[in-house]
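Lettering follows sequence order; numbering is per chain, from 1. None of the values given here were measured: they were computed from a predicted structure. These numbers come from the heavy atoms of this one structure, side chains and all, not from hydrogens, waters or symmetry mates.
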Number of protein chains: 2
Amino acid sequence: MNLKQLSEHLGLSQTTVSRALNGYPEVSEKTRQKVMKAAREANYQPNTRARSLATGRAMAIGHVIPVSTQHEMVNPIFGDFVAGAGEVYSARGYDMLLSLVPDRDEEAFYRDLRIKGNVDGIVVHGPRMADPRIGLLDELGLPFVVHGRASEVTAGYNYVDVSNVRAMREATTHLTDLGHRRIGLINGLETLDFGNRRRRGFLEALEHAGLTANPAWMTSDDMTEAYGFDAANAMLSGAEQPTALVVSSMITALGVRRAVEARGLILGRDISVVTFDDDLSYLRNGTDAEPVFTAARSSVREAGRRVADILMARIDAPLAPPRTEMIPYRFMIGATSGPAPDG
Amino acid sequence: MNLKQLSEHLGLSQTTVSRALNGYPEVSEKTRQKVMKAAREANYQPNTRARSLATGRAMAIGHVIPVSTQHEMVNPIFGDFVAGAGEVYSARGYDMLLSLVPDRDEEAFYRDLRIKGNVDGIVVHGPRMADPRIGLLDELGLPFVVHGRASEVTAGYNYVDVSNVRAMREATTHLTDLGHRRIGLINGLETLDFGNRRRRGFLEALEHAGLTANPAWMTSDDMTEAYGFDAANAMLSGAEQPTALVVSSMITALGVRRAVEARGLILGRDISVVTFDDDLSYLRNGTDAEPVFTAARSSVREAGRRVADILMARIDAPLAPPRTEMIPYRFMIGATSGPAPDG
DNA sequence: AAACCCGTTCAAAGCGCTTTGAGGCTGGCC
DNA sequence: GGCCAGCCTCAAAGCGCTTTGAACGGGTTT
């Protein structure tokens, strides 16, 4: 059933039916009711592509996940982020177009996305410090929101981020306050903006406590479980060992725990661990009242919602000044951190 | 730059330019070269929506993720599955449309997807035993492939699955062979088909070993880390305790490990754990040579690729008989399983 | 030289919708 | 009774592409 058939069936013109359905004031309430009823009964839905062609709006948002050609990993936060964003899209009638793009093809990919016209806006994932995508998208005139930030980009742009520096500073300070003086950092990729900021927060806290960082105790990599295990193992088998570790993700922290327990050490007593926690649905950090890991928690799902909200607003008002928003985090004290052991 | 402009620029008709670009034989090689060159230089890409409208093909695949209204979880396998499928789609020029749909709206959602015409095919996630979606999609005439199976649906349909029964039987038999007689099952949702099959495999192996299952040692739920912890804890604090546990996912197994170690027990000695492993990129089970958990591993990413392949084939040949495919699994012996302790 | 044919190219219709600009009908007023 | 608003409704154009059916021109055949 298409519009033509529906209008013939009703004995009205396509114009009137279309207007009735789309809530235009030119059609009488009586007619509208009749049309709506018929549409419902016939199970009529306008063809998206035809409508898009006519209106010039794709009613779709593109999520471009950069896939490093070497690493080939899909960040586990992705599912929850997308779930958050999806809630907003479906409430607004938008579709979500997902593309995993090898990083070297990225520029061409964005260009084509614009030209082929299959999205009205884009969510930028995994920004780097001086991410060229921001300039490119601005130039293309394609509305976008960045999940995270690109600290070295000076131009204004829409983004939603969490206070990585502050969160990591607070996490680290928690440890220095407990008397820890030998603290390691098991960080995510520092080529990415968030990794860099987290490192900064970590270093600031050390400095504030009058400590100097030990380069052997700072690592950076994809935040897998195995990486947490390996990195913690390496640090714990050196001549001198840290008494506390700051970790950049829950999954990595699970690997750290595995390493710690494999050595027969007790978390929170022999060695303290504080982690960043994205509040993934399958990996909740205990309960609110009783977190397992001491952690800075910030909901990535909420981030997805906020990113989508801002993108929708931006699409509706393309000339509005850029909006930025910080997702709050909450620092929660669990059982994995405790006073520094003597010596 | 659109087709009209490009053809004017070339002094050719739209027909000729379109044909040249799409590789039709009616256009001379010389003209084709000229057109291709101009298109490249002008950075021309046909408008997807216009093309779709004209051809009737959306060039997009829908992934519908059912979101339980109570649970609101996003399965962590999702990212890797989608990455696998995405590889295939982009090689074939298809887009991926992602929708998270509350389970109660599902039927209407599929219907609309068909009518609105924004996808050429669908991937069905999380099938239940007698999943009504299969009949519905067949009735709608929308090509689809199921990730998993719906055991109680007798009609033929395309699916890609892993031998859940066999894998769990083998995993469980590994334990009975080691002398375990008190074995628990920490399973995923048994309302879903895979959960049900895994349970069946588990039970078959017990029966084959002449053992009877203890209902108190069989649980079923969303496969979170916390669930693994809680379930293992419950089983290990009963009057009688299992000496081995079969677990349905790596994440849950991590929770099980936490519970085991919190009690000061040693995995593989005091208690054995065997798990199903989807080979998630952020949660690799050690190395191939040295797996951490004893596990049945099957790549969900590969499953994504195969599902996409079959769906593409089905779209090209809608009348072909249904295709089904089993993703192999590999049983790997790690450090978490060992001989049953005495008593 | 006429007839034919093949290789190229073209104009125009159509995909299903929105939207503009125009027209028809009704009732109220003079 | 005639006229004008004001309310409804309509025909038709247009979104950018593909595809049908026709036409064109140059070479080959008879």
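- In this entry the distance linking CG of L12(B) with P of dC24(D) reads 18 Å, nearest Å.
- Side-chain N/O atoms of T15(B) and base N/O atoms of dT19(D) include a donor-acceptor pair closer than 3.5 Å.
- A donor-acceptor pair under 3.5 Å is formed between the side chain of S90(B) and the backbone N or O of G86(B).
- Judged by distance alone, with hydrogens and angles left aside, the side-chain atoms of D193(B) form a donor-acceptor pair with the main-chain N or O of S151(B) at under 3.5 Å.
- When the side-chain nitrogen and oxygen atoms of S13(B) are compared with OP1 and OP2 of dA11(C), none of them lie within a distance under 4.0 Å.
- Atom CZ of R49(B) and atom C1' of dC15(C) are 15 Å apart (whole Å).
- What separates CG of L10(A) from P of dC8(D) is a distance of 17 Å, to the nearest Å.
- Neither OP1 nor OP2 of dG16(D) sits under 4.0 Å from any side-chain N or O of R51(B).
- Formation of a donor-acceptor pair under 3.5 Å by the D278(A) side chain with backbone atoms of L280(A) is not found in this model.
- The distance between atom CE of M59(A) and atom P of dT18(C), rounded to the nearest whole Å, is 12 Å.
- Between the CD atom of E8(A) and the P atom of dC10(D) there is a distance of 12 Å, given to the nearest Å.
- Rounding to the nearest 0.5 Å places NE2 of H63(A) at 5.5 Å from CE of M96(A).
- Heavy-atom distances under 4.0 Å link DNA chain D to E26(A), V27(A), S28(A), T31(A) of residues 22-44 of chain A, given in residue order.
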Can you pull every protein N or O that's under 3.5 Å from an N or O on nucleotides 22-24 of chain C?
none

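- Atom C1' of nucleotide dG14(D) and atom CG of L3(B) are separated by 16 Å, given to the nearest angstrom.
- dG14(C) atom P lies 18 Å from atom CG of N47(A), rounded to whole Å.
- Note: CZ (R57(B)) to P (dG14(C)) measures 23 Å, nearest angstrom.
- No donor-acceptor pair closer than 3.5 Å links the side chain of R111(A) to the backbone N or O of L140(A).
- The backbone N or O of M59(A) lies less than 3.5 Å from a partner atom in the side chain of D120(A), making a donor-acceptor pair.
- Within 4.0 Å of T55(A), counting heavy atoms only, lie sugar-phosphate atoms of the nucleic acid but no base atom.
- Checked by atom type and distance alone, the side chain of R49(B) never pairs as donor or acceptor with a backbone atom of R49(A) at under 3.5 Å.
- At a cut-off of 3.5 Å, with distance as the only test, a side-chain donor of Y94(B) or R57(B) sits close to an acceptor on the other residue.
- Residues R92(A) and D316(A) are paired through a salt bridge, judged by an N-O separation under 4.0 Å between the basic side chain and the carboxylate.
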